[in-house]
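For reference, the structure discussed in these notes is given below.
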Amino acid sequence: MAKRVLLCLAHMSGKEIEFINQAFADNWVVPLGPNVDGFEKDLANYLGATDCPADRCSGFKRENDELFSPLDPHVAALSSGTAAVHLALAACGVGPGNDVMVQSFTFCASSHPVTYLGATPVFVDSEPDTWNMDPALLDMAIADRVDSTGRKPKAIVVVHLYGMPAKLEQLARVAAKWDIPIVEDAAEAFGSEYRCRRCGTFGRYGVLSFNGNKMITTSGGGALVCPDTEKQKEIMFLATQARENYPYYQHEEIGYNYRMSNICAGIGRGQMFVLDEHVAHHRHVHRLYAELFEGMEGISLLDNPSPEFDSNFWLCNILISPDLKVKGEEKAYAVKGDSPVGGVAAVTKATTQLRSECEPNANVEALRLALDAEGIESRPLWKPMHLQPVYAGKPAYVNGTSESLFRRGLCLPAGPWVTDDDVRRIAEIIKSSII
């Protein structure tokens, strides 16, 4: 049976078992313990490192760094990246009646926590260079919300989509102009850098994810990067049910059960030994895709727009021209598939619908089906949040960029198990599918 090539699946280093066994030996099978403390320290040390090679820094000027949070990360390990977004927004004071500016082109975990808190997500479209939040559009959207509601938004959720850093200086300028904190969603960007500084350290809070498909995994988990010790303590207080210091259970705030377990943290500590290897592999796979698609008319690859940006290329993404003809386009949406998007962990609700008002072009879906028939997993790009039925009627400031990308884009495998031969085979199948 031929090997099925998956989009992204982390592999173990062997060190994980050591940390897990020690947790069992010490009877630390709870949401705290030495592995949690050690993982948080490992993450803080990694994020705070500034060992940028001189040849990289020579490609840009490191200026206006005062716009960003001081580089002194303090990390709270949590049960998921979604929990991290939720707690970051809560710490920013988000509540009922507030607006939160959210990048539209993202996974729903960036926006759902806004609604958990009773606030209103205000969606902002992307710019075409990085596919992330458009700074000029953000500025205009904030001005309009202030004019129409009489109050400033409480936070700005910026996402580094597919590992590509957003235009952080421009976005930070807008945030500073309006005095609104940035929550930096780096769930897909662990190991990515902007101006030789690691993503997740630029905003007031930074969000990391260690889901099974991320750059490293704790099987399920995440972390919140905080600007100082006091904020870290505040987050851990909220993450452990907000208990006051009494000799009995006293609660004066609403808290959550969001702390990471000592077992999961043990997996994370082991994964830190292979993080650099994983990031290097993803970047290598991206370069190989770039070589194989070079000069191919109708196919383009998301790439770093300048030396300031250094994506981890969590997923490698191609755009397919609407004019490109692919075999099987006429049958692209004819049959409902058995496998829901999101892989084996996805639990979906049954539906009889095959089509929606906004969907990938027929040539994109035909190419996805062609790869699937060969045992290769690929996926459409994220469907923008402002086009999701669950957010119908929510405020949105759009320029057409994210919708255009969604209709034309496809994510290709890039994980640690993807070999050079796999990449060559994927490129050959794509080329042979084009008429």
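In what follows, every heavy atom counts, from backbone to side chain, and hydrogens, waters and symmetry copies are set aside. Please read all numbers here as calculations on a predicted model, not as lab measurements. In what follows, residues are counted from 1 in the order of the sequence shown.
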Atom of [X], atom of [Y] and distance for their closest heavy-atom approach:
X    : Y    : value
V114 : P121 : CG1-N, 3.6 Å
H160 : L168 : CE1-CD2, 3.7 Å
P380 : L410 : N-CD1, 4.0 Å
V285 : P413 : CG1-O, 4.0 Å
A414 : L315 : CB-CA, 4.4 Å
R283 : G191 : NH2-O, 3.2 Å

In the structure I gave you, are the side-chain heavy atoms of [X] and [Y] within less than 4.5 Å of one another anywhere?
X    : Y    : result
M385 : F107 : no
D310 : Y194 : no
M133 : I156 : yes
K167 : F309 : yes
T130 : L161 : no
Q103 : V157 : no
Y258 : L238 : no
I142 : I180 : yes

- Query: Do R197's NZ or CZ and the ring of F68 fall within the cation-pi criteria of under 6.0 Å and 45°?
  - Reply: no
Verify, without hydrogens or angle tests, whether [X] (side chain) and [Y] (backbone) share a donor-acceptor contact under 3.5 angstrom.
X    : Y    : answer
E188 : Y162 : yes
E16  : G14  : yes
T217 : F210 : yes

- Task: Begin from the C-alpha positions of S69 and T201 and carry the test side chain to side chain contact (heavy atoms under 4.5 Å, CB included) through to its verdict.
- Result: CA-CA 7 Å; S69 292; T201 66; over 6 Å; no
- Please work out which of the three classes, parallel, tilted or perpendicular, describes the rings of F293 and Y289, given edges at 30° and 60°. parallel
- Specify whether W314 and W382 have parallel, tilted or perpendicular ring planes, treating 30° as the upper limit for parallel and 60° as the lower limit for perpendicular. parallel
- Note on the structure: dist L302:CG -> S311:OG (nearest 0.5 Å) comes out at 7.0 Å
- Query: CD/E40 to CG/L78 distance, rounded to the nearest 0.5 angstrom?
  - Reply: 8.0 Å
Can [X] and [Y] be counted as an ion pair, charged N to O under 4.0 angstrom?
X    : Y    : value
K231 : E234 : yes
D421 : R424 : yes
E403 : R407 : yes
K431 : E428 : no
R4   : E377 : no

When you check the side-chain N and O atoms of [X] and [Y], is any donor under 3.5 Å from an acceptor?
X    : Y    : value
Y397 : D144 : yes
H284 : D420 : yes
S110 : D185 : yes
N132 : S126 : no
S104 : H386 : yes
N399 : T401 : yes
S402 : K383 : no
W178 : D139 : yes
R269 : N35  : yes

- Item | Check: Y391 ring centroid to F123 ring centroid under 6.0 Å | yes
- Message: The test is ring pair (Phe, Tyr, Trp, His ring centres under 6.0 Å); show your working for H86 and Y116 and say whether it passes.
- Response: CA-CA 8 Å; H86 189 182; Y116 300 167; 5.2 Å; yes
- Item | Verdict with reasoning, Y205 to V225, per side chain to side chain contact (heavy atoms under 4.5 Å, CB included) | CA-CA 5 Å; Y205 293 98; V225 185; over 6 Å; no
- Stepwise side chain to side chain contact (heavy atoms under 4.5 Å, CB included) test for I434 and K325: CA-CA 6 Å; I434 295 171; K325 299 299 179 184; over 6 Å; no
- Task: Kindly indicate, with the supporting measurements, whether the criterion ring pair (Phe, Tyr, Trp, His ring centres under 6.0 Å) is fulfilled by Y46 and F190.
- Result: CA-CA 10 Å; Y46 177 81; F190 193 38; 5.2 Å; yes
- Assess whether salt bridge (charged side-chain N to carboxylate O under 4.0 Å, His left out) is satisfied between E169 and R195, documenting all intermediate values. CA-CA 10 Å; E169 181 184 337; R195 293 183 180 172; 2.2 Å; yes
- Message: Show, in sequence, the C-alpha distance, side-chain angles and deciding distance for N312 and M215, and conclude whether the side chain to side chain contact (heavy atoms under 4.5 Å, CB included) test is met.
- Response: CA-CA 8 Å; N312 65 9; M215 199 59 67; 3.3 Å; yes
